[in-house]
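Below is one structure; the comments refer to it alone.
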Amino acid sequence: MFRYSLEVPFRDCDLLGHVHHSVYLTYFEQCRHAFWRQLPGSPKEHAQVIVARIECDYRAPARFGDRLEVRLYVGDISRSSFSLLYDVVNVSSGALTAEGKSVMVAYDYSAAKSMPLSPETRQLLEQAKRQARD
C-alpha cells in the first residue's frame, strides 16, 4: 500500500462545505503521481500510461481542514493495463470518505495506441502488489 496525505484546502469545498465530488479524482491523481515518482527507474517510462477508466464511490463527507490519507493499492495486472485501487480515509475520524479505481493503459503516444507494459514496469507493479499483501 502506498500512502499520500493531504489537508483539504478551502477551494476543494462546495457550497455545503463538503469536498466537491469531482475533487476526489484529483486526490487519486495526486496519489498516483506520487506513487510513480517513488518507483525506481525512469519516471518517463512509468508515465507512459493513460487513464482508460476511473470510478469513485462516496462514503462520508470530508470538509475544509480535514487531514486525508489516500491509500493506493495495485489491483489486476494484464498485458497492457493494470488497475489501481484507492481508499480515502479521514485521518482524524478514521472514516472512509471514498473508494475508487482507475484502469491504466500503457500507451504509445507516437503510434496513438496501447502497447504492452514494459517488463520493468510490470515487475515494479507486481512487487508493489505483493508488498501490500504482506
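The figures here come from the full heavy-atom set of this structure, side chains too, leaving out hydrogens, waters and symmetry mates.
For the atom pair CD of E126 and CD1 of I77, the computed distance is 4.5 Å after rounding to the nearest 0.5 Å. The structure places CG of L125 at 8.5 Å from OG of S118, a figure rounded to the nearest 0.5 Å. One distance of note links CE of M115 with CZ of R79; it measures 10.5 Å at 0.5 Å rounding. One finds the CG atom of L68 at 8.5 Å from the OG atom of S92 (value rounded to the nearest 0.5 Å).
For R32, the salt bridge (Lys or Arg N to Asp or Glu O under 4.0 Å) test picks out no residue, with sequence neighbours left out. Taking H20 as the reference, S22 meet the side chain to side chain donor-acceptor pair (under 3.5 Å) condition, with sequence neighbours excluded. Scanning for salt bridge (Lys or Arg N to Asp or Glu O under 4.0 Å) contacts around R53 gives E55, with sequence neighbours left out. Annotation: salt bridge (Lys or Arg N to Asp or Glu O under 4.0 Å) contacts of R59 (sequence neighbours excluded): D57, E99. For Y58, the ring pair (Phe, Tyr, Trp, His ring centres under 6.0 Å) partners two or more places apart in sequence, or in a different chain, are Y24. Judged as a ring pair (Phe, Tyr, Trp, His ring centres under 6.0 Å), and not counting sequence neighbours, the contacts of F2 are F35. By the side-chain contact (heavy atoms from CB on, under 4.5 Å) test, S5 is found to be paired with R67, E69, residues two or more places apart in sequence or in another chain being considered. Every residue meeting the side-chain contact (heavy atoms from CB on, under 4.5 Å) condition with S78, not counting sequence neighbours, appears here in chain and number order: S81.
The shortest side-chain heavy-atom distance between Y86 and S102 falls under the 4.5 Å cut-off. Counting heavy atoms from C-beta on, the side chains of M104 and V51 come closer than 4.5 Å. Inter-residue side-chain proximity for V49 and V105 is flagged as unmet; no heavy-atom pair is nearer than 4.5 Å.
Chaining together hydrophobic side chains whose heavy atoms lie under 4.5 Å apart places F10 alongside F64. V89 belongs to a hydrophobic cluster with L96, counting contacts under 4.5 Å between side-chain heavy atoms of Ile, Leu, Val, Met, Phe, Trp and Tyr, direct or through other members.
Sorted by first and then second residue, the side chain to side chain donor-acceptor pair (under 3.5 Å) pairs involving residues 8-17 (not counting sequence neighbours) are D12-Y27. Residue pairs that meet the salt bridge (Lys or Arg N to Asp or Glu O under 4.0 Å) test with at least one member in residues 100-118, sequence neighbours left out, do not exist here.
Annotation for P40 and L124: closest pair O-CD1, 3.4 Å, computed over non-hydrogen atoms. Closest heavy-atom contact between K129 and G75: NZ-O, 3.0 Å. Shortest non-hydrogen contact noted between S114 and Y107 is N-CD1, 4.0 Å. When all heavy atoms of C56 and F28 are compared, the closest pair comes out as SG-CZ, 3.8 Å. Residues Y109 and Q48 come closest through the heavy atom pair CE1-CA, 4.4 Å.
There is a path of hydrophobic side-chain contacts, each under 4.5 Å, that joins L39 to F82. Clustering ILVMFWY residues whenever any of their side-chain heavy atoms sit less than 4.5 angstrom apart, transitively, puts V103 in a cluster other than the one holding V74.
When atom types are taken as modelled, the side chain of T97 and the backbone of V88 share a donor-acceptor pair closer than 3.5 angstrom. Listed for the R3 side chain is no donor-acceptor partner under 3.5 Å among the backbone atoms of C31.
The 12-atom threshold is exceeded at CD of Q30, counting heavy atoms of other residues, nucleotides or ligands nearer than 6.0 Å.
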